[in-house]
Amino acid sequence: MAAGSGDMEVPAGCEHYTRGCELRAQQNCENCDNIFGDYYCNICHLYDKDKKQYHCDGCGICRIGPKEQFEHCTKCNLCLPLSFRGNHKCIENVSRQDCPICLEDIHTSRVGARVLPCGHLLHSTCYEDMLKQGYRCPLCMRSALDMSRYWTQLDEEVAHTPMPPEYQNMNVNILCNDCSARSTVSFHILGMKCNSCKSYNTTQEGKPISQTQTE
């Protein structure tokens, strides 16, 4: 019992759970020295097996390390591997956004996050599911992985697939989802290649028009 004023004893706890003593979170028992967890954070009050965890003040939670292999990006507001230092696109508070595929929280999730080249985050499991159906970020439509080998293959397919006569002299305006450049290119049913970055991740703007109209 916790001592009160005079001889009156006031029970510890709260309205939901009244107990006879005050509890203090710590890594081991004061009486028998039994260890409750190999890892203990006195801020999060987290007990766990040793997974090289560390508490990140910037994230406000514990992360799985080792700590020396990670660095907190203040703009993205999350811990990233040291290999990402100066090598990723920052988006302010990106970790506080929900995963655009499952709509669940990313920041406190036990599932690892995948950082896309565009800077957006997906759960690693959601990223693998996305690649089964497509290659583009569901938020900005930029390529989520290196597509250069596929673009080379598509070059060959376009070269060996002539369009019907009525479409052979047709141009189309396109917007590149990868570099945001606009181009006017020959219309092809297999894809239209960006004149700037050579990506086929493009969006057609308007209907095809004859080359004589664009000259």
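If you're wondering where the values come from, they're calculated on a predicted model, not measured in any experiment. Numbering of residues begins at 1 and proceeds along the displayed sequence. Note: hydrogens, waters and symmetry copies are ignored here, and every other heavy atom, side chains too, is used.
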Does Glu104 form a side-chain contact (heavy atoms from CB on, under 4.5 Å) with His123? I'd like the steps, not just the answer. CA-CA 9 Å; Glu104 296 291 337; His123 288 123; 4.0 Å; yes
Is a donor from one side chain sitting under 3.5 angstrom from an acceptor on the other, for Ser143 and Asp178? yes
Do Asp105 and Thr108 meet the criterion of a side-chain donor-acceptor pair at a distance under 3.5 Å? yes
Can you name the side chain to side chain contact (heavy atoms under 4.5 Å, CB included) partners of Arg85, sequence neighbours left out? Glu71, Leu82
Which atom of Thr161 lies closest to which atom of His188, heavy atoms considered: O-NE2, 2.6 Å
Tyr150: ring-ring contact (aromatic ring centres under 6.0 Å, His included) partners, not counting sequence neighbours: none
Among all residues two or more places apart in sequence or in another chain, which pass the side chain to side chain contact (heavy atoms under 4.5 Å, CB included) test with Ile43? Cys41, His55, Asp57
In this structure, are over 12 heavy atoms from other groups packed under 6.0 Å from Glu68 atom CD? yes
Does any donor atom in the side chain of Thr203 or Asn177 lie under 3.5 Å from an acceptor atom in the other side chain? yes
Under the side chain to side chain contact (heavy atoms under 4.5 Å, CB included) test, which residues partner Lys198, sequence neighbours left out? Lys193
Could you go through the side-chain contact (heavy atoms from CB on, under 4.5 Å) check for Tyr135 and Asn201 one step at a time? CA-CA 9 Å; Tyr135 63 91; Asn201 181 15; 3.6 Å; yes
Modelled atom types, side-chain donor and acceptor of Tyr40 and His45, under 3.5 Å: yes
Using links of under 4.5 Å between side-chain heavy atoms of ILVMFWY residues, direct or through other members, which residues join Val94 in one cluster? Leu78, Leu80, Phe84, Ile91, Ile106, Val115, Leu121
Applying ring-ring contact (aromatic ring centres under 6.0 Å, His included) to Tyr39 and not counting sequence neighbours gives none
Evaluate side-chain contact (heavy atoms from CB on, under 4.5 Å) for Val172 paired with Val185, printing each intermediate quantity in order. CA-CA 6 Å; Val172 66; Val185 299; 4.1 Å; yes
